[in-house]
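Encoded as structure tokens, the structure appears first; notes follow it.
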Amino acid sequence: MAATTSTSLFDASLISPEVASSFPDGYQVRPLERGDYAKGFFECLQVLTSTGDISSQQFDERFDWMSTQGKGTYFFLVIEAEGRIVGTGALIVERKFIHNLGTVGHIEEISIQKDQQGKKLGLKMIHAIDSVAANTGCYKTILNCGERNEGFYLKCGYRKQALEMAKYF
Ligand code: ACO
């Protein structure tokens, strides 16, 4: 069983070995590491949306917060190929009072580098996140997405439910 290292956000053994081994040769799915800033983590996230101009120090501070105060709640995954981050995804684990103190996983920040799209990496990233959710005791995972991505999430086994509402501050 792989151990948590100080450079790794969470224990890699939470990712299903079957899902991890389903990635193509040369592609590795793993927990976010401290060194991923230099491997293009933000460039990959910018395929999804704007990130702001975040420094290496700011990244380290957020990483350290997630691995201490946010431990057991924040599970960021990346896909690495040839020393570059080509995919990102996050699971945020919410512990509730309802449903017998149920635990729900929220899927966020799914992004695949443009030149890597269409290779089933997004689908496998979702399967990897689903496995972390199951291994951390979630009874379901939920997410918000734009209509343009509905077909992708249907392929990943999700179905449309409810309606999203938002208020910005
Ligand atoms: N609409 C409909 N079907 C799609 C779409 C789409 N937008 N994208 C992929 N698919 C289909 C594929 O054709 C494939 O179908 P198949 O199995 O029949 O061949 C299946 O879904 C799996 O596709 P992948 O190859 O795994 O998709 P990819 O690796 O390109 O990842 C993703 C899809 C994540 C949407 C990628 O295009 C991306 O990063 N887009 C920009 C960022 C983004 O919008 N992220 C999602 C935000 S929502 C959130 O984070 C919760």
Side-chain angles (χ1 to χ4, degrees), residues 9-10 14-33 36-54 59 62-63 65-66 70 72-96 102-169:
L9 188 59
F10 64 92
L14 288 172
I15 302 172
S16 151
E18 290 73 29
V19 176
S21 64
S22 75
F23 279 73
D25 286 349
Y27 291 78
Q28 185 199 9
V29 67
R30 58 165 174 77
L32 181 68
E33 294 177 359
D36 288 338
Y37 182 90
K39 292 184 176 179
F41 175 67
F42 278 98
E43 287 79 355
C44 189
L45 276 178
Q46 284 156 9
V47 175
L48 168 64
T49 191
S50 64
T51 61
D53 188 13
I54 305 302
F59 170 82
R62 178 54 53 91
F63 182 95
W65 187 93
M66 285 182 176
T73 300
Y74 289 88
F75 298 86
F76 255 90
L77 287 76
V78 294
I79 303 167
E80 180 174 348
E82 295 177 349
R84 192 170 70 107
I85 302 303
V86 299
T88 65
L91 175 77
I92 290 89
V93 173
E94 177 199 3
R95 291 164 183 83
K96 303 177 87 70
T103 304
V104 172
H106 298 262
I107 293 184
E108 298 281 353
E109 300 187 37
I110 304 297
S111 193
I112 302 294
Q113 269 292 0
K114 277 207 179 330
D115 64 348
Q116 299 286 336
Q117 291 179 6
K119 297 180 178 179
K120 303 276 196 287
L121 296 177
L123 180 91
K124 290 178 192 296
M125 171 59 87
I126 296 296
H127 288 165
I129 292 175
D130 286 347
S131 73
V132 175
N135 287 331
T136 51
C138 295
Y139 73 92
K140 69 172 179 181
T141 46
I142 55 178
L143 61 89
N144 291 327
C145 72
E147 277 181 26
R148 70 183 186 286
N149 287 326
E150 185 182 351
F152 168 70
Y153 287 109
L154 287 170
K155 291 268 165 74
C156 294
Y158 285 70
R159 63 189 161 82
K160 197 169 180 175
Q161 202 181 332
L163 142 103
E164 178 194 342
M165 298 180 75
K167 185 186 270 188
Y168 289 82
F169 299 101

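Order of appearance sets the numbers: ligands from 1, and atoms from 1 within every ligand. Remember, it's a predicted structure, so these values are computed and weren't measured experimentally.
Using a 4.0 Å cut-off to heavy atoms of Lys119, the atoms of ligand 1 that qualify are 25 (O). Within ligand 1, the atoms closer than 4.0 Å to a non-hydrogen atom of Gly151 are 2 (C), 3 (N), numbered from 1 in the order shown. Counting atoms of ligand 1 from 1 in the listed order, those under 4.0 Å from a heavy atom of Asn144 are 48 (S), 49 (C), 51 (C). Close approach of ligand 1 to Arg148 is summarised as follows: ligand atoms under 4.0 Å from at least one heavy atom of the residue are 1 (N), 6 (C), 7 (N), 44 (O). Below 4.0 Å from some heavy atom of Leu121 lie the following atoms of ligand 1, by number and element: 26 (O), 29 (O). For ligand 1, the atoms closer than 4.0 angstrom to any heavy atom of Leu48 are 42 (C), 43 (C), 45 (N), 47 (C). Heavy-atom contacts of Ile107 reach the following atoms of ligand 1: 51 (C) (cutoff under 4.0 Å).
Taking all atoms of both residues into account, the shortest heavy-atom contact from Ser16 to Ser131 is N-OG, 3.0 Å. The two residues Phe63 and Leu32 come nearest to each other via the heavy atoms CE1-O, 3.6 Å. Taking every heavy atom of both residues into account, Ile110 and Ala90 meet most closely at CD1-N, 4.4 Å. What you find for Leu91 and Gly105 is that their closest heavy atoms are CD1-CA, 3.7 Å. In plain terms, the two heavy atoms of Gly137 and Thr103 that are nearest each other are O-CB, 3.7 Å.
Within the 4.0 Å cut-off (strictly below), a protein heavy atom is located near atom 19 (O) of ligand 1. Within 4.0 Å of atom 36 (C) of ligand 1, at least one protein heavy atom is present.
The existence of a salt bridge linking Arg148 and Glu150 is excluded, since no basic side-chain nitrogen approaches an acidic carboxylate oxygen closer than 4.0 Å.
Taking only nitrogen or oxygen atoms, main chain and side chain alike, Ile110 reaches within less than 3.5 Å of ligand 1. Taking any N or O of Asn149, backbone or side chain, at least one lies under 3.5 Å from an N or O belonging to ligand 1. An N or O contact shorter than 3.5 Å links Leu123 to ligand 1 by distance. Checked by distance only, ligand 1 and Ile112 come closer than 3.5 Å through their nitrogen or oxygen atoms. In terms of N/O distances under 3.5 Å, ligand 1 is approached by Gly118. Ligand 1 has no nitrogen or oxygen under 3.5 angstrom from a nitrogen or oxygen of Ser111.
Contact annotation for Tyr158 and ligand 1: no heavy atom of the residue comes within less than 4.0 Å of the ligand. Using a 4.0 Å cut-off between heavy atoms, Lys120 contacts ligand 1 through both its backbone and its side chain. Residue contacts with ligand 1 for Lys124 are absent, since no atom lies close enough (heavy atoms, distance under 4.0 Å).
Nearest protein heavy-atom neighbour of atom 38 (C) of ligand 1: Gln117 NE2, 3.4 Å. In terms of protein heavy-atom proximity, atom 8 (N) of ligand 1 is nearest to Phe152 CB, 3.7 Å. If you check which protein heavy atom lies closest to atom 11 (C) of ligand 1, you get Lys155 CG, 4.2 Å. Of all protein heavy atoms, the one lying nearest to atom 29 (O) of ligand 1 is Gly122 N, 2.8 Å. Taking atom 48 (S) of ligand 1 as the reference point, the nearest protein heavy-atom neighbour is Tyr153 OH, 3.3 Å.
Note: Phe59 and Tyr37 have tilted aromatic rings, judged against thresholds of 30 and 60 degrees for the angle between ring planes.
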| task | Show your working on side chain to side chain contact (heavy atoms under 4.5 Å, CB included) between Phe75 and Ile129 and close with a plain yes or no. | result | CA-CA 8 Å; Phe75 298 86; Ile129 292 175; over 6 Å; no

| said: For Thr51 and Gln46: C-alpha separation, side-chain torsions, deciding distance, then whether side-chain hydrogen bond (donor to acceptor under 3.5 Å, both in side chains) applies. | reply: CA-CA 6 Å; Thr51 61; Gln46 284 156 9; 2.8 Å; yes

| query | What's the verdict on side-chain hydrogen bond (donor to acceptor under 3.5 Å, both in side chains) for Lys160 and Tyr153, showing C-alpha distance, side-chain angles and the deciding distance? | reply | CA-CA 9 Å; Lys160 197 169 180 175; Tyr153 287 109; over 6 Å; no

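Residue pairs that meet the salt bridge (Lys or Arg N to Asp or Glu O under 4.0 Å) test with at least one member in residues 78-91, sequence neighbours left out, are Arg30-Glu80, Lys39-Glu80, Arg84-Asp115.
Of the candidates Met66, Glu108, Glu33, Met66 is the only one forming a side-chain contact (heavy atoms from CB on, under 4.5 Å) with Phe76.
Every residue was checked against the salt bridge (charged side-chain N to carboxylate O under 4.0 Å, His left out) condition with Lys140, not counting sequence neighbours, and none meets it.
Here CD1 of Ile15 is found 14.5 Å from NE2 of His127. Values are rounded to the nearest 0.5 Å.
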